[in-house]
There are 2 protein chains.
Amino acid sequence: MINLKNTLFEKKLKVTPQRLKVLEAVYNISHPTAEDVIKYIRKRYFDIATGTVYKILETFVEKGLIKKITTDKDIIRYDGILKPHHHLYSLEGNLIKDYIDEELDKILQEYFKHKKISDFEITEISLQIKGKFNK
Amino acid sequence: MINLKNTLFEKKLKVTPQRLKVLEAVYNISHPTAEDVIKYIRKRYFDIATGTVYKILETFVEKGLIKKITTDKDIIRYDGILKPHHHLYSLEGNLIKDYIDEELDKILQEYFKHKKISDFEITEISLQIKGKFNK
DNA sequence: TTCTTAAAAGAGAATAATTCTCATTTAAGA
DNA sequence: TCTTAAATGAGAATTATTCTCTTTTAAGAA
């Protein structure tokens with residue numbers, strides 16, 4: 001169980017009720033949009049301005065507390081998992097799942113140790129795996 | 001040199017001047033946004049309604065003529081290259097480059113032939129490689 | 001505990017990308 | 001050439017996101 005207050009404190013961010021709840025939301029919802037976060041907080045805790053949530057999410061991304069994830073929809077989603085991982089995308093719906101595979105990471109790391117891409121320095125590699133979820 | 005008229009015809013799409021130019025634009029601009037396509041056409045050929053361009057791009061994606069590509073910005077980009085490939089993303093600016101690497105594709109294919117992801121059928125794998133371009 | 005102040009939050013207007021509606025035009029086959 | 005379903009255009013509507021400016025508050029100092 002993560003101590004939310006401490007997480008903010010370590011990043012030198014003022015601990016506010018709004019920030020605590022946004023962080024909680026991103027940790028508890030899978031790949032939420034800003035709108036998802038707003039609903040989560042309004043339903044359970046208190047009213048919050050949309051601009052505030054957008055601002056807080058942006059701040060968290062800058063501080064490296066959460067990550068933006070890429071989708072080909074026009075809505076930005078966020079991810080509370082920081083350790084490098086990949087994503088499974090449903091070709092049918094909006095479902096996105098995390099995919100963690102350290103063996104694969106090792107293979108990729110090994111591969112790019114030898115194969116250099118000219119004029120490009122790799123910081124991070126993530127796979128988008130598209131397909132179909134079977135129920 | 002691709003025959004644009006024929007490309008549309010094969011997909012059973014009415015051949016219109018607007019569609020021809022949108023297709024030309026996506027082939028000639030690297031990872032354009034809808035706005036990029038509109039500017040391209042207006043500058044060189046004729047005025048075109050924004051809604052028309054959005055509609056045409058959507059139609060092309062549905063017919064598999066082009067692909068949407070994912071970015072963590074809030075703008076959708078398109079890609080005229082259909083053969084499976086990966087993308088290099090600049091962490092600094094908006095630069096996106098195609099990255100084609102058949103050796104890597106083979107390794108991934110081999111890897112996932114053995115390693116199955118439970119309840120998921122892979123259709124397509126693409127890498128997002130983030131990092132820094134060196135001039 | 002109270003005071004101070006920079007930072008954060010709130011309200012709502014502004015912006016920008018995208019979608020929608022409906023009237024008009026046009027490609028393509030009869 | 002005629003017919004018609006499909007495509008385009010114009011602009012309004014929608015929606016996600018950002019911005020502005022005022023008010024509130026967290027946190028450290030006194």
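Throughout, a chain's letter reflects where its sequence line sits, starting with A, and its residues are numbered from 1. Both backbone and side-chain heavy atoms feed into the values below; hydrogens, waters and symmetry mates do not.
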Value in whole Å for how far the C1' atom of dA7(D) lies from CG of Leu57(B): 15 Å
Spacing between Tyr45(A) atom OH and dA9(C) atom P, to the nearest angstrom: 17 Å
Pair listing, ring-ring contact (aromatic ring centres under 6.0 Å, His included) test, anchored in residues 103-135 of chain B, at least two apart: Phe120(A)-Phe133(B), Phe133(A)-Phe120(B)
Spacing between Arg19(B) atom CZ and dG9(D) atom P, to the nearest angstrom: 12 Å
Side chain to side chain, Leu108(A) and Leu108(B), heavy atoms closer than 4.5 Å: yes
Set of residues satisfying side chain to side chain donor-acceptor pair (under 3.5 Å) with respect to Gln109(A), sequence neighbours excluded: none
Side chain to side chain donor-acceptor pair (under 3.5 Å) against Asn28(A), all qualifying residues, sequence neighbours excluded: Tyr40(A)
Whole-Å gap separating P (dA16(D)) and CZ (Arg77(A)): 11 Å
Test item: side-chain donor near acceptor, Asp79(B) and His87(B), under 3.5 Å: yes
Under-4.0 Å salt bridge between Lys21(B) and Glu24(B): yes
Side chain proximity check, Lys83(A) to Ile100(A), heavy atoms < 4.5 angstrom: yes
Closest nucleotide among dT19(C), dG9(D), dA9(C) to the Gln18(B) side chain: dG9(D)
Charged N-O contact under 4.0 Å between Glu58(B) and Lys63(B): no
DNA chain D: 5'-proximal contact among Glu58(A) and Gly51(B) (nearest heavy atom): Gly51(B)
Test applied, side chain to side chain contact (heavy atoms under 4.5 Å, CB included); reference residue, Phe60(B); option that passes from Thr7(B), Val26(B), Leu8(B): Leu8(B)
Spacing of Ile48(A) atom CD1 relative to dA8(C) atom P, expressed in whole Å: 14 Å
Interatomic distance where CG belongs to Leu8(A) and C1' belongs to dA8(C) [whole Å]: 13 Å
Polar side chain donor-acceptor pair, Asp105(B) to His85(B), under 3.5 angstrom: no
Strand DNA chain C in bracket notation, Watson-Crick/G-U under 3.5 Å with | for pairs to another chain: ||||||||||||||||||||||||||||||
Proximal nucleotide (of dG9(D), dG10(C), dA11(C)) relative to the Asp47(A) side chain: dA11(C)
Strand-adjacent residues in residues 28-41 of chain B, judged by heavy atoms under 4.0 Å from DNA chain D: none
Heavy-atom protein contacts under 4.0 Å, nucleotides 20-27 of chain D, coded B base, S sugar-phosphate only, - none: ------BS
Residues Glu103(A), Lys106(A): salt bridge by 4.0 Å N-O rule: no
Closest-nucleotide ordering on DNA chain C, the 5'-leading residue of Phe46(A) and Tyr54(B): Phe46(A)
Euclidean distance, atom CD of residue Glu62(B) to atom C1' of dT19(C) [Å, nearest integer]: 14 Å
Test item: side-chain donor near acceptor, Asp98(A) and His31(A), under 3.5 Å: yes
Spacing between Lys63(B) atom NZ and dA6(D) atom P, to the nearest angstrom: 11 Å
